[in-house]
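The structure appears right after this line, and notes come after that.
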Amino acid sequence: MSSLNLDDFTDLIERPDGGVRRDAEARRERQIVPPGSLGRLDDLGEWLAAAQSAVPVRPIERPRVVLFAGDHGIAELGVSARGAGSAVELVRDVLEGGRPVSVLARRQGVPVRVVDMSLDCDPEALPEDVVRHRVRRGSGRIDIEDALTLQEAEEAFRAGAAVADEEADSGTDLVVLGDVSVGGTTAAGVLVAALCGTDASVVTGRGGLAIDDLAWMRKCAAIRDALRRARPVLGDQLRLLATVGGADLTAMTGFLLQAAVRKVPVVLDGVVTAACALVAQRVAFRAPDWWVAAHDSGEPGQAKALDRMALDPVLSHGVRVGEGMGGLLALPLVQAAAALAAELPEEPAKPEAPASPE
C-alpha cells in the first residue's frame, strides 16, 4: 500500500490568478495595437500574467529544459526504430551538445537538465547529477508485466516532484518539459488510450524516427495487450503508472503536479509529456491551467490527449524528434508574448470633450 496520497494535489493546486488575468486583458485593450491583432500572442501573454500574478507580465529570464530519461522494456518487441536499451546513447549526445535540443538550447542560451530515472546502463556511465534520482535499470515489459513495483512508482513520483521543487527554488521561471526514451511513446499510447477510453489503433503513432508498417503493427499490438492490463487499475493513477507507465513517465507526472503547486508554468513537448499531463489532470483538474502545449507533433496519441485537456498547440511543424525540441521551438513565441504584453505602450488618454455652454 502506497503512503503517497495523490488526492492532496486537488487541494494544493490553485488556478492561475483570474483577477490578474482580467487586469492583463484590460491593459491589453489600452495598448496601441488593437486587441486580437497579435493572435495567439495575446492569449500567451495573459496566461503568463495570471501564472506570475503580475501585470505587466515579467519577462521570461530563467527558462530551463528538463528532460526525464528512461528505457522501456516494451522496446524489446521492436516497437521503436531504436534498439532496446539504447536511450543512454541519446542522453550522452544531449549532454555533449550533439542533439537538436542541444543545438537550439545553446543558441537560445537555455540550460538543459537531464534526469535519469530508468536508463538501461550502469550509473557510472553518466554524471552523478544526471543519475542521482534513478529508480531502477530499465522497466518491465508492459504487455506482460508491470513497468514498476508500486514502491518504485512512489519513489519515481516523489523524485519528479523533488526536481520541480529544485527548479522552483533555483529561480527557474518557466520549464520546457520533455523526455529522452526508447519505447516511451508506446507507454504513452497506453496511458492515453486507457484514460480516453479508445482502442490501441487510435493512439498508435510512428514515433520520432517514423517506424515502418510492420513495426507499427507490433506497436499497436503491444499497446493493445498493455491496455488490457491498464484498464483494471484506471481508478488509481499511481498504480496505473506502475502498471504501464515506467519510472520516467511517473516522474514527469509528479513533476507536472508539483510544478503547478509551486506555480511554475510548463511548456509541454510531445506525446510522452502529453500522456503524463493527462494522468496529472486526472489527479488534479486545475493543473492544466499551468501548462501550454508547444506543438502538434503529428502523433495521434498527443492529439487525443491535448484535445481531452482542451490545450491548443502553439505550433504545428510536424517535429517528431522529442527531447524537448518542440518546446524549445515554441519558447521564443512565449517570450515574445511576454515582451509585447509588458512593453507595448498604451494609447494616450483622449482629452475630455469641453462642456457644452448653458
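We number each residue from 1, following the sequence as shown.
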- Query: Rounded to the nearest 0.5 Å, how far does CZ of Arg134 lie from SG of Cys121?
  - Reply: 4.5 Å
- Give a yes or no on whether Glu346 atom CD has more than 12 heavy-atom contacts from other residues, nucleotides or ligands under 6.0 Å away. yes
- Drop me the distance from Gln302's CD to Leu278's CG, to the nearest 0.5 angstrom. 12.0 Å
- Message: Tell me whether Lys219 contacts the main-chain N or O of Gly205 through its side chain, where contact means a donor paired with an acceptor under 3.5 Å.
- Response: yes
- Message: Can you tell me how far apart CZ (Arg136) and CG (Asp120) are? Round to the nearest 0.5 Å.
- Response: 10.0 Å
- Any donor and acceptor pair, going by atom type alone, linking the side chain of Arg320 with main-chain N or O of Gly298 inside 3.5 Å? no
- More than 12 heavy atoms of other groups within 6.0 Å of Glu14 CD: no
- Message: Tell me whether Asp307 is salt-bridged to Lys304, with the criterion being a basic N under 4.0 Å from an acidic carboxylate O.
- Response: no
- Query: To the nearest 0.5 Å, how far apart are OG in Ser139 and CG in Asp71?
  - Reply: 8.0 Å
- Message: Let me confirm one number: the CZ-CD distance from Arg206 to Glu299, rounded to the nearest 0.5 Å.
- Response: 10.0 Å
- Task: Please answer: with hydrophobic residues joined when any side-chain heavy atoms are less than 4.5 Å apart, are Val55 and Leu41 in the same cluster?
- Result: no
- Side chain of Arg27, backbone of Ala341: donor and acceptor closer than 3.5 Å? yes
- Item | Same cluster (ILVMFWY, side-chain, under 4.5 Å), Val115 and Leu148 | no
